[in-house]
Amino acid sequence: MSRRKKESEAVAVAPVKTFVLDTNVLLHSAQSIEAFKEHDVVIPMAVVEELDKFKKNSDELGRNTRRVIRMLDRLRQSVADQGAGKLAEGVPLGNVSSVASGKLYVICAPVGKSDVGKAVDAVFGSELDLGSPDNRILRVACELKAQGKDVTFISKDINLRLKADALGLKVMDMERGKVDGNALYTGFVAANVASDKIDRLYREREIPSTGFSLLANEFVVLNADGNAKKSALTRLRSDGKLHLLDVFRESVWNVFPRNKEQRMALDVLLDPDVRLVTLVGGAGTGKTLLVLAVALQAVLRDALYDRILVSRPIIPLGNDIGFLPGDKGAKLSSWMQPIFDNLEFLIGGDTEKKPKSSAHYSVESLINSHKLELEALTYIRGRSISRQFVIIDEAQNLTPHEVKAIGSRGGDDTKMVLTGDPQQIDNPYLDASSNGLSYAVERMKGQAVFGHVTLAKSERSDLAALAAQLL
């Protein structure tokens, strides 16, 4: 028997694993059912009951819930039309999916008199009763494990993963859509080169990128060998050469870059060929201020775009204060206050410390003239956004699916900027590795229309810098 034939047979007889999904996995991504390829997927009945509570929501949770429910119903109908099988007995996912070939089961929690039911009851005892949906979900996983199946419990709820692990189950977070948050692409590298190479760069404004392994629009901080004071900032352009960054002798809407990262950020923000930009950084690093300064200049002075569209996820930091009065604009004004703070600084002019050249503008006049639009992310879905400078602030609170939905809205001549700090996430089901901002950075790097910079130094104030570092 040939080696290739033996390997193919080994692949063919690989054991099928069983993945039990928690409710939050389906709420996070409706496509998660299809992520397990040839393996079986189990949805406990308690999950279906919990999904029923979200089906009328108008947000992303509601949309994902309705997609999952429709998929389950299509699977049920597919086996009914064939006159064979039920969801409880397992139905082929291939009936509704082109990427999954395993089976899907909808199973009730075991209670009762069977040997397996008694064994599960003995494991749970009185501490984990049937009154909790989470416990009923875990009971399903325990029953399948007692039947000898290779069971893995998938949940984005850390506490539930701890409970499952204490019961002897294999546990995992949902890995689809996750990146390595500890090794996130920064957008730039540093390199030592000969001193004459930097001299040539300043003379010719560009040098070949030979000897560097770089991605499109990646920055390189060049340092001269033996001379720590001699350096240059460059970016790899589409012609394959390293181009010297302009020294911003003139401000961008009264804003000057204060460090090399801010200079890099302004470079990609001002480049109309870079259609999608992500800026990652802690509090006070200047993300929002830089983006708004470039947006004001691009729209009001250069007329590259028709208007600025600003949005941010509506997720409270502390306890929610409930419904807000007024129309959409009045409701959004509270959530958009960080944007207003930066805009008032940029176009203020009422104190000595504020810039004067743009004093004839005001936030209210920009909104009334439709040069500035504030939009809730809920209403961006379905739109085609052309000739606009789109800013999505606090994008770390978005899921990868939401970022995809937003990015796909961009029409002709639209620039889109995502800003945020993956270390400050208020969404309970996201972390530094699974949020939409980190996902976009890792998935889009290397594309000719994409640019990214990680801002490291807080420039807001000495107090802000200390708070970000020590608290």
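Numbering of residues begins at 1 and proceeds along the displayed sequence.
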Engineer: Return the CG to CG distance between Leu104 and Leu72, rounded to the nearest 0.5 Å.
Structural biologist: 6.0 Å

Engineer: Ion pair present between Lys445 and Glu218, side-chain N to carboxylate O less than 4.0 angstrom?
Structural biologist: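 Judged by the 4.0 Å cut-off on N to carboxylate O distance, Lys445 and Glu218 do not form a salt bridge.
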
Engineer: Quick check: are there more than 12 heavy atoms from other residues, nucleotides or ligands sitting under 6.0 Å from CZ of Arg74?
Structural biologist: yes

Engineer: Treating Arg275 as the side-chain partner and Thr414 as the backbone partner, does any N or O pair qualify as donor plus acceptor under 3.5 Å?
Structural biologist: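 The answer is yes, because a donor-acceptor pair under 3.5 Å joins these two groups.
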
Engineer: Run Asp271 and Arg235 through salt bridge (charged side-chain N to carboxylate O under 4.0 Å, His left out) and show every step you take.
Structural biologist: CA-CA 12 Å; Asp271 189 345; Arg235 173 160 66 100; 2.9 Å; yes

Engineer: Take atom CZ of Arg161 as the centre, draw a 6.0 Å sphere, and report whether it contains more than 12 heavy atoms from other residues, nucleotides or ligands.
Structural biologist: yes

Engineer: Yes or no on side chain to side chain contact (heavy atoms under 4.5 Å, CB included) for Val106 and Val48, after CA distance, side-chain angles and deciding distance?
Structural biologist: CA-CA 8 Å; Val106 177; Val48 178; 4.2 Å; yes

Engineer: For Thr285 and Lys457, does a side-chain donor sit closer than 3.5 Å to a side-chain acceptor?
Structural biologist: no

Engineer: Which value, rounded to the nearest 0.5 Å, describes the distance between Asn182 atom CG and Ser433 atom OG?
Structural biologist: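 Reported to 0.5 Å precision, the distance equals 6.0 Å.
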
Engineer: Is it true that, when you exclude Lys230 itself, more than 12 heavy atoms of the residues, nucleotides or ligands shown sit nearer than 6.0 Å to its NZ?
Structural biologist: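 Enclosed.
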
Engineer: Please name all residues satisfying salt bridge (Lys or Arg N to Asp or Glu O under 4.0 Å) with Lys17, sequence neighbours left out, ordered by chain then number.
Structural biologist: none

Engineer: Tell me whether His452 contacts the main-chain N or O of Val277 through its side chain, where contact means a donor paired with an acceptor under 3.5 Å.
Structural biologist: no

Engineer: Please answer whether the main-chain N or O of Val151 pairs with a side-chain N or O of Thr18 as donor and acceptor at a distance below 3.5 Å.
Structural biologist: no

Engineer: Keeping the roles fixed (side chain from Gln396, backbone from Ile425), state whether a donor-acceptor pair exists under 3.5 Å.
Structural biologist: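 Between the backbone of Ile425 and the side chain of Gln396 there is no qualifying donor-acceptor contact (under 3.5 Å).
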
Engineer: Taking the side chain as C-beta and beyond, is there a heavy-atom pair between Val171 and Leu160 under 4.5 Å?
Structural biologist: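 They are not in side-chain contact.
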
Engineer: Pick out which of Glu50, Lys56, Lys55 makes a side chain to side chain contact (heavy atoms under 4.5 Å, CB included) with Thr65.
Structural biologist: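 That would be Lys55; it is the only one of Glu50, Lys56, Lys55 passing the side chain to side chain contact (heavy atoms under 4.5 Å, CB included) with Thr65.
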
Engineer: Enter the distance from Ile207:CD1 to Leu201:CG here, rounded to the nearest 0.5 Å.
Structural biologist: 5.0 Å

Engineer: To the nearest 0.5 Å, what is the distance between CZ (Phe19) and NZ (Lys170)?
Structural biologist: 8.0 Å

Engineer: How long is the span from the OH atom in Tyr105 to the CG atom in Asp40, to the nearest 0.5 Å?
Structural biologist: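 Going from the OH atom of Tyr105 to the CG atom of Asp40 covers 4.5 Å.
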
Engineer: Testing Val441, Thr186, Thr278, Leu279 for side chain to side chain contact (heavy atoms under 4.5 Å, CB included) with Thr454, which one passes?
Structural biologist: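 For Thr454, the side chain to side chain contact (heavy atoms under 4.5 Å, CB included) test succeeds with only one of Val441, Thr186, Thr278, Leu279, which is Thr186.
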
Engineer: Taking atom types as modelled, find out whether Ser365 and Asn368 have a side-chain donor-acceptor pair closer than 3.5 angstrom.
Structural biologist: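 Not at all, the side chains of Ser365 and Asn368 share no donor-acceptor pair under 3.5 Å.
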
Engineer: Is there a side-chain contact between Tyr439 and Val403 in this structure, where contact means two heavy atoms from C-beta onward sitting under 4.5 Å apart?
Structural biologist: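 Result no, sub-4.5 Å side-chain heavy-atom pair not found.
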
Engineer: Do any N or O atoms from the side chain of Glu402 and from the backbone of Leu398 form a donor-acceptor pair under 3.5 angstrom?
Structural biologist: no

Engineer: Under 3.5 Å, is there a donor on one side chain and an acceptor on the other for Asp22 and Asn24?
Structural biologist: yes

Engineer: To the closest 0.5 Å, what do you measure between CG (Leu455) and CG (Asn259)?
Structural biologist: 7.0 Å

Engineer: Any side-chain heavy atom of Phe153 sitting closer than 4.5 Å to one from Leu21?
Structural biologist: no

Engineer: Should Arg70 and Asp73 count as an ion pair when the cut-off is N to O under 4.0 Å?
Structural biologist: no

Engineer: Check this for me: does any side-chain nitrogen of one of Lys287 and Asp393 sit under 4.0 Å from a carboxylate oxygen of the other?
Structural biologist: no

Engineer: Please assess Arg237 against Glu206 for the test salt bridge (charged side-chain N to carboxylate O under 4.0 Å, His left out), listing each intermediate value before the final yes or no.
Structural biologist: CA-CA 10 Å; Arg237 297 292 186 99; Glu206 61 184 41; over 6 Å; no

Engineer: Taking atom CD1 of Ile158 as the centre, report whether more than 12 heavy atoms of other residues, nucleotides or ligands fall under 6.0 Å from it.
Structural biologist: no

Engineer: Distance-only, no hydrogens or angles: does the Ser97 side chain make a donor-acceptor pair with backbone N or O of Gly94 under 3.5 Å?
Structural biologist: no

